[in-house]
Amino acid sequence: MTYTQASLDALRRSGDELADATVATLFERGEVGTFNTLMRYVSTAGAPLPDGLPDVAREYLNATAAPPSWVDWGEMEKARLFFIDNNVHISTALSFASMPACYVVPHVAKLLSATHGLNYPSKRMAETGQFTVYLMQPDAFEAGSRFIPAAQKVRLLHASIRHHLRREGAWDTESAGVPICQEDMIGGQMFFSMLVLDSLHRLGIHMSEEGADAYYYAWRVVGAMLGVDQDAVPKSTAEAREFLDLYMIRHMGPSPEGALLTRQLIDLYEEVVPGTFFDPIVSALIRHLVGDTCADWLEVPRTPWDTVAKAVPHLLGVLEAIEDRSPLGAWALDRIGHLTTVLELSSLTRGRVMHYAIPEHLKKEYGVPSGPARTGRWSPPPATVPGPRQEPRQESQLPPEQRENNSRHSPPTPPDPLPARLR
């Protein structure tokens, strides 16, 4: 599939018909409070729905209770094994590349601030981490799993934000399109899949082709369950590269909300890192993964640790060599990785299960080796846009809020396109 400015413009006009209709009806009937209260008891797939649940919500939950019929369960198991083998690296990429990438898109940063998420950065990160962990469980799509209810709730959360912004006149649909539109939902799917793979490559992690493809495939399944248009979504990593490059060139730029969200992200993880000596490594990792241009837009501080961060791939290479040569070493590192991920999530959630609610107001059997050979490993598809000579968009082509931001905060010259810097 080929993506163009016109095809992405068309995606900005579409939301999620099923979820949008469900949320509109809940608000129209004054049933949001009842829904949120009862949905706290809906946490596992296949469990009976509580008595008193609004009829429209019951219909929605029944309609979205199963994964897409086209799911290849062999690919999903490969993705799970890939996650087990790379869980710490994936968590690092999600925290220090995927989330900052969201913040470097001004209208996405504004949307995040509209949900009052600015005041609760640990909750936002905990929800993201918990969602990913649920996805990669062996029983993620079986009775008793927590992933399907989480996906159903996140889909309604997105619809509720669209509902609020349009009802309150806080979003210019004519010029900016539908809030959390299909283009942005696909963009988010790219941040959590393709951009994670890019970041792992940048960190020097060795991945097999089929492991990387399976991880991307798993997020295609997630996208389908979150209401992403399957006729428009990239089907392969090569198509994903094309979409992601064009999406970021269309929208990336500085914004006050993006800088504040990034500052809160840095502060949050500096609290997680023991002591204070290693605190600067958080900023250094973000700058290393997103590149200097985007890091400057997000006002990520420069530190002496920026040079140290560039040595991370060499350190990880040593650890992977241990995995390759010692089964005991591989087991130990996998256990350390698992415990690190669990402790990070526990620190963010403070031991609680995160609930996704509709805001009433805005504020090996599958051939995935644990250590891929150094030859024939996965490499990101090549960039589909020019490098530093990329012609900037004309001021008249930019969204109104970005034209205003650019007048106050000019990016470094010459700007490095984000897609090229993220690899």
Query raised in the report: About how many Å separate CG of Asn86 and OG of Ser91, when rounded to the nearest 0.5 Å?
Result: 10.5 Å
**Report entry** Donor-acceptor under 3.5 Å (Arg146 side chain, Leu135 main chain)
**Finding:** no
Query - Sub-4.5 Å side-chain heavy-atom contact between Leu111 and Pro179 - result: yes
Requested in this report: Return the minimal non-hydrogen interatomic distance between Met207 and Leu197, and the atom names on each side.
Outcome: CE-O, 3.7 Å
Query raised in the report: Can you list the residues that meet the ring pair (Phe, Tyr, Trp, His ring centres under 6.0 Å) rule with Tyr216, with sequence neighbours excluded?
Result: none
Query raised in the report: With a 4.5 Å heavy-atom cut-off, do Pro234 and Met1 have their side chains touching?
Result: no
Report task. Using modelled atom types only, decide if a donor and an acceptor are shared between the side chain of Lys153 and the backbone of Arg40 within a distance under 3.5 Å. Result -> no
**Report entry** Nearest atoms (heavy-atom pairs only) where Ala140 meets Ser145
**Finding:** O-OG, 2.7 Å
Requested in this report: Check for a donor-acceptor pair, side chain of Tyr3 on one end and backbone N or O of Ala232 on the other, with a separation under 3.5 Å.
Outcome: yes
**Report entry** Side-chain donor/acceptor of Arg220 to backbone N/O of Ser236, under 3.5 Å
**Finding:** no
Query raised in the report: Could you state the interatomic distance from CZ (Arg202) to CG (Leu200), rounded to the nearest 0.5 Å?
Result: 13.0 Å
Query - Short side-chain to backbone donor-acceptor contact, Ser14 and Leu11, under 3.5 Å - result: no
Requested in this report: For the pair Val290 and Phe96, evaluate side chain to side chain contact (heavy atoms under 4.5 Å, CB included) and give the outcome as yes or no after the intermediate values.
Outcome: CA-CA 8 Å; Val290 307; Phe96 303 139; over 6 Å; no
**Report entry** Contact check, side chains of Tyr215 and Met136, non-hydrogen atoms, under 4.5 Å
**Finding:** yes
Query raised in the report: How about Leu195 and Met190: do any of their side-chain heavy atoms sit closer than 4.5 Å?
Result: no
Requested in this report: Look only at the side chain of Gln182 and the backbone of Gly227, and say whether a donor-acceptor pair between them is shorter than 3.5 Å.
Outcome: yes
Query raised in the report: Looking only at heavy atoms, which two atoms of His201 and Ser379 are closest? And how far apart?
Result: CE1-OG, 4.0 Å
Query raised in the report: Can you check whether Gly258's main-chain N or O pairs, donor with acceptor, with Ser255's side chain at less than 3.5 Å?
Result: yes
Query raised in the report: What are the two closest non-hydrogen atoms of Ala66 and Met225, and how far apart are they?
Result: O-CE, 4.2 Å
**Report entry** Test side chain to side chain donor-acceptor pair (under 3.5 Å) applied to Tyr269 and Ser95, step by step
**Finding:** CA-CA 9 Å; Tyr269 276 94; Ser95 299; 2.8 Å; yes
Query raised in the report: Could Asp267 and Arg263 be called an ion pair, given the rule that one side-chain N must be under 4.0 Å from one carboxylate O?
Result: yes
Report task. Might you point out which heavy atoms bring Val233 and Gln189 nearest each other, and give the distance in Å? Result -> CG2-NE2, 3.4 Å
Query - CD on Glu299 to OG1 on Thr262, rounded to 0.5 Å - result: 8.5 Å
Requested in this report: For residues Phe192 and Phe131, determine if any side-chain heavy atom of one lies less than 4.5 Å from a side-chain heavy atom of the other.
Outcome: no
Query - Pairwise salt bridge (Lys or Arg N to Asp or Glu O under 4.0 Å) hits with a residue in residues 180-197, at least two apart - result: Arg12-Glu183, Arg12-Asp184, Glu183-Arg250
**Report entry** Which residues share a salt bridge (Lys or Arg N to Asp or Glu O under 4.0 Å) with Arg166, sequence neighbours left out
**Finding:** Asp20
Report task. Please assess Phe83 against Ile90 for the test side chain to side chain contact (heavy atoms under 4.5 Å, CB included), listing each intermediate value before the final yes or no. Result -> CA-CA 7 Å; Phe83 177 78; Ile90 290 171; 3.6 Å; yes
Query raised in the report: Do His107 and His251 touch side chain to side chain, with heavy atoms closer than 4.5 Å?
Result: yes
**Report entry** Those residues that, when tested against Thr4, pass side-chain hydrogen bond (donor to acceptor under 3.5 Å, both in side chains) (two or more places apart)
**Finding:** Ser7
Report task. Evaluate the criterion side chain to side chain contact (heavy atoms under 4.5 Å, CB included) for residue pair Leu18 and Thr64; output intermediate values, then yes/no. Result -> CA-CA 10 Å; Leu18 174 60; Thr64 58; 3.8 Å; yes
Query raised in the report: Which heavy atom of Val23 sits nearest a heavy atom of Ala159, and at what distance?
Result: CG2-CB, 3.6 Å
Query raised in the report: Is there a donor in the side chain of Thr293 and an acceptor in the side chain of Asp296, or the other way round, less than 3.5 Å apart?
Result: no
Report task. Apply the test side chain to side chain donor-acceptor pair (under 3.5 Å) to residues Asp245 and Thr384: give CA-CA distance (whole Å), side-chain angles for both, the deciding distance (0.1 Å), then the verdict. Result -> CA-CA 7 Å; Asp245 284 0; Thr384 60; 3.1 Å; yes
Query - Gap separating the CG atom of Asp85 from the CZ atom of Arg80, nearest 0.5 angstrom - result: 12.0 Å
Query raised in the report: Are any side-chain N or O atoms of Ser98 and backbone N or O atoms of Phe191, one a donor and one an acceptor, separated by less than 3.5 Å?
Result: yes
Query raised in the report: So, does Tyr217 use its side chain to make a donor-acceptor pair with the main chain of Asp72 at under 3.5 Å?
Result: yes
Residues 53-62, side-chain donor-acceptor partners within the protein, below 3.5 Å, at least two apart:
unit_1, atom_1, unit_2, atom_2, d
Arg58, NH2, Pro50, O, 2.9
Tyr60, OH, Gln152, O, 2.8
Asn62, ND2, Arg58, O, 3.2

Report summary line: CD1 (Ile286) and CD1 (Ile281) are apart, to the nearest 0.5 Å, by 11.0 Å
Query raised in the report: With side chains defined as the heavy atoms from C-beta onward, is the minimum distance between Trp70 and Gln230 less than 4.5 Å?
Result: yes
Query raised in the report: Residues in ring pair (Phe, Tyr, Trp, His ring centres under 6.0 Å) with His163, at least two apart?
Result: Phe27
Query - Candidate pair Asp16 and Arg162, rule side chain to side chain contact (heavy atoms under 4.5 Å, CB included), full reasoning - result: CA-CA 10 Å; Asp16 178 351; Arg162 283 190 291 269; 3.2 Å; yes
Query - Polar side-chain atom of Trp297 near backbone of Met252 as donor-acceptor pair, under 3.5 Å - result: no
Requested in this report: Please test Trp73 against Phe141 for ring-ring contact (aromatic ring centres under 6.0 Å, His included), starting from the C-alpha separation and ending with a verdict.
Outcome: CA-CA 10 Å; Trp73 297 110; Phe141 297 92; 5.3 Å; yes
Requested in this report: Identify whether the distance between the nearest side-chain nitrogen and carboxylate oxygen of Lys78 and Glu210 falls below 4.0 Å.
Outcome: yes
Query raised in the report: Looking at side-chain heavy atoms only, is the closest gap between Leu244 and Arg241 below 4.5 Å?
Result: yes
**Report entry** Atom pair CG/OG1 of Leu289 and Thr92 - distance to nearest 0.5 Å
**Finding:** 8.5 Å
